[in-house]
Amino acid sequence: MKRDEALKRIAKLREIIDYHNRRYYQQDDPEISDAKYDELMRELQNLEELFPDDGLASSPTQRVGAAPLAKFSPFEHPRPMLSLANAFTPEEITDFDARIRRMADLDRMEYVAEPKLDGLAVNLIYEHGLFVRGATRGDGATGEDITQNLRTIPSLPLEMKKSGAHPVPDFIEVRGEVYMERASFGKLNHRRAVDGEEPFANPRNAAAGSLRQLDPKITARRPLSIFVYGAGLLKGMQFSTHFGILEALRQWGFPVNHLIEKADDISACIAYFGRISSLRPELPYEIDGVVLKVNDLTVQEVLGSVSRSPRWALACKFPAAQATTLIRDIVVQVGRMGTLTPVAVMEPVNVGGVMVSRATLHNEDEIRKKDIRIGDTVVIQRAGDVIPEVVSVVTSRRTGEEKFFYMPSHCPECGSNVVRLEGEAAHRCVNLSCPAQIKEHIRHFASRDAMDIDGLGEKVAASLFDAGLIADPADLYFLTEEKLLPLERMAQKSVSNLLDSIQMSKTPAWDKFIFALGIRHVGEKTARLLAQHFAGIDELMGADVEDLTQIKEIGPEIAHSIVGFFSEPKNREVIDKFLRAGISPLVQRQRKDRPLDGKYFVFTGTLETLGRNEAKTLVQELGGTVQSSVGGKTSFVVAGASPGSKLEQARNRAVAVITEKEFLKLTGRDKS
Ligand code: IVH
C-alpha cells in the first residue's frame, strides 16, 4: 500500500472506530460484533506501525487497551492541588471580597465566576501538547496515577490543538473535574440493577468509582465527562488573567464549562450565584455551588494562600440538602477509642440524591439539647460527604408514644463499665481490650485512607479477631494461608487476594502510616503535618511535647496524645512488630517549596514590611518554626527597628542576627 493511500485508510479507520467506541462505551448500544471491532482495531494498529503520522497521539488505539494494573502508583503533583475555603451566606461572600481587597489595596476586585462541579478533581499533564500523565487529587501533594483511565474519557484531548492564537506550551498541568451526567448515571444504575450489581448512590460516587478502576476497560464503559477549570505549573508561556487561561484552554480543545463568566465586582458574583442556583435543576450534571476566583494573576500571587486554600478563591456552597423521616431506634456504636456514639436508625429517605438510613447523634448532651426521642419525626441534612445529621425534631408530629433514650451503663459489646470523664461529652467503655475497640482499630488501620488493604473491611476484621488470629494490626502481617483457609467464607481465592493486599500495603506513604496508627486526635491532616516534620518513625517516637507544639496547628492536647501513645509499652510493642514484619513507610523527600524546613526563627523589634503575624505565617508555610525566645535550636534572630533583649540573647549564644531584607531573601520573597 502506498503512503498516501495508507494515511487515508488510517483516517477513515479512526473515524469508524471512534463511532463504534461511542456506540459501545457511551451509548451502550453496539452495532458491530466484538470480533469485527477487534479486526478494525488490528488493521489500524498495523497501519499505524507501518505508516506513523501526526495523528497517532489522538488515535483510538491510544485510548483503551492498556492492561489492568495491580495498584495505582503515587503521583507527586508538580504544584500542589489546593482546596477552597467555603462560604454559605451572602455576608460571608462580601466579607471575603472586603478582606482580599483590603489586602491587595484595591477598591474593586474583578472575578471569574464558575459553577462548582460535583465530581472528582484531576490533574492532567501535557508535554509538548501530548497528554502524558494524569492523577487524582489525593491529599493535594500526592495523588494516584490514573493515566490509563483518564485516556478513556472521550472529551479529554489526548493531544492539544495547535491552531488558535496560543502556541502549545512545553509543559502544562491542566486542572479539572471528572463527572458523570445525571442521565448517564441513571442508565448506568439501571444496567447495574439488571446485572444484579449494587447501584451507585449518586453521580459523584459513580464517577469516583469508575475512575479508580484498576482495569481501564471497565472505566471505558462508564460514561465519564470532564470540564477543565485552570492550570497548575505552566512552562514556556505566561498569562495575565485566569480568564485568559480558560480561553486558551478552550482553544487548545479542552472542554471548558460554558457558564463561566467574568464578574466586574462582588455584587455581580452574588447575582451570578442567584442565576446559577435557579439554573441548577435543569443542568445535565450536578453542581454544589459556585466558585469565585480573582481574575488578575498578579493579584492572586500577592494574596497567596493559607493552609491549603488560596486566599484568592472562594467556594459559595448551596445550602445542604434536607429531608424529613422517622427515627425507628437509637443504637450505640463503640469506636476505636472506646467512645460510645448514639446513632439514629431511620426510615430510609432520599437526601439530595443519596439514600440515608442512619444519622449520628454525636452524644447524649446533643440528644438532650435537641430533645430527640425514639419514634420522633426529624429533619435530617447531609452536606457534601459529611455523615448525615439530625437538625431538628418536628414536634407537631409527636403522638406521645415516643421514648427517651439513655446511654447504657455497660458497654453493649463487652459488658464493661461505661464512664463519662469530667469535661468530656463522650461516654467511654473502660475496657482497653474491648473487642469492639480492637476490631474498629484494625478496620481503621486497613481502611482506604490509611493502609488501604483491599478486602479487609469491618466483617473480615471482626472474623479474624473473633477467630483469635489477630489481636492488633501488626498481626495481619503474620497471617498465612494455613491460618486463613479454615475460616468460614474464606475460599482459596479470597485468602490469596487478602494476603496479596496485605503484602502490597507494606510500603505505605509515611503520612498514611501515621494516620493508620490510630493515635487519638491525629486525623489525616495532622498525620500529614507530622510526616512533613519528622523523617521517620524513630524521630516521631522521640519527639517531646515541646518539639510537637512547635508545629503550627499542633496544640498541647494533640501533642500530649502523641507522646502518650508512644510511651505506652503496648503500642511500642506493636510498632516493633510492624518493623519486624518489614513495614517501611515511604518517607517523601522534602518538598522543594519549603526553603525554611528545619529552621528556627526568633523575631525582635518592628519589621518594616511584614506584620508579626504575617512573618510567623510565612515561616510556618515554608516549613520553619517561630520561637518566642532564643534557645539552643534557634537558627536566626530577625531584628527590626528598636530590637529588644532578644538581640542581646542572640549575641550571647552566637546565633546569627539578620535583617528583614535578608530574611525575605531566605524565603524567596526578595529577589534583589
Ligand atoms: S478551583 C485553588 N474550580 O472543588 C483552586 N475547583 O474544594 C482549586 N471544583 O478539589 C480548585 N469545580 O474538585 C475549582 N470551577 C472549579 C471547580 C472546582 C469543582 C472542586 C475541585 C476541588 C474542590 C475544591
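Positions are given from 1 along the sequence. Start at 1 and go down the list; that is how both ligands and their atoms are numbered.
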Open item on the list: I'd like to know if K293 and E114 make a salt bridge, using a cut-off of under 4.0 Å between side-chain N and carboxylate O.
Closed with: yes
Open item on the list: Taking atom CD as the centre, does E301 end up with more than 12 heavy-atom neighbours from other residues, nucleotides or ligands that are less than 6.0 angstrom away?
Closed with: no
TODO: Please report the C-alpha distance between F239 and H166 in whole Å, then the side-chain angles of each, then the deciding distance to 0.1 Å, and finally whether the side-chain contact (heavy atoms from CB on, under 4.5 Å) criterion is met.
DONE: CA-CA 11 Å; F239 288 89; H166 297 283; 3.7 Å; yes
For ligand 1, run through the N/O pairs with the protein that fall under 3.5 Å and put one pair on each line.
residue, atom, partner, partner atom, Å
ligand 1, 3 (N), K293, NZ, 3.0
ligand 1, 4 (O), K116, NZ, 3.2
ligand 1, 7 (O), L84, N, 3.4
ligand 1, 12 (N), L117, N, 3.1
ligand 1, 13 (O), E177, OE1, 2.5
ligand 1, 13 (O), E177, OE2, 3.3
ligand 1, 15 (N), E114, OE1, 2.7
ligand 1, 15 (N), P115, O, 3.3

Open item on the list: For F185 and F200, I'd like to know if the aromatic rings sit close, meaning centre-to-centre distance below 6.0 Å.
Closed with: no
Open item on the list: Are more than 12 heavy atoms, taken from residues, nucleotides or ligands other than E92, located less than 6.0 Å from that residue's CD atom?
Closed with: yes
Tabulate below the donor-acceptor pairs under 3.5 Å that side-chain atoms of residues 255-263 make, not counting sequence neighbours, or state none.
residue, atom, partner, partner atom, Å
N257, OD1, L259, N, 2.7
N257, ND2, Y285, OH, 2.8
E261, OE1, R275, NH2, 2.9

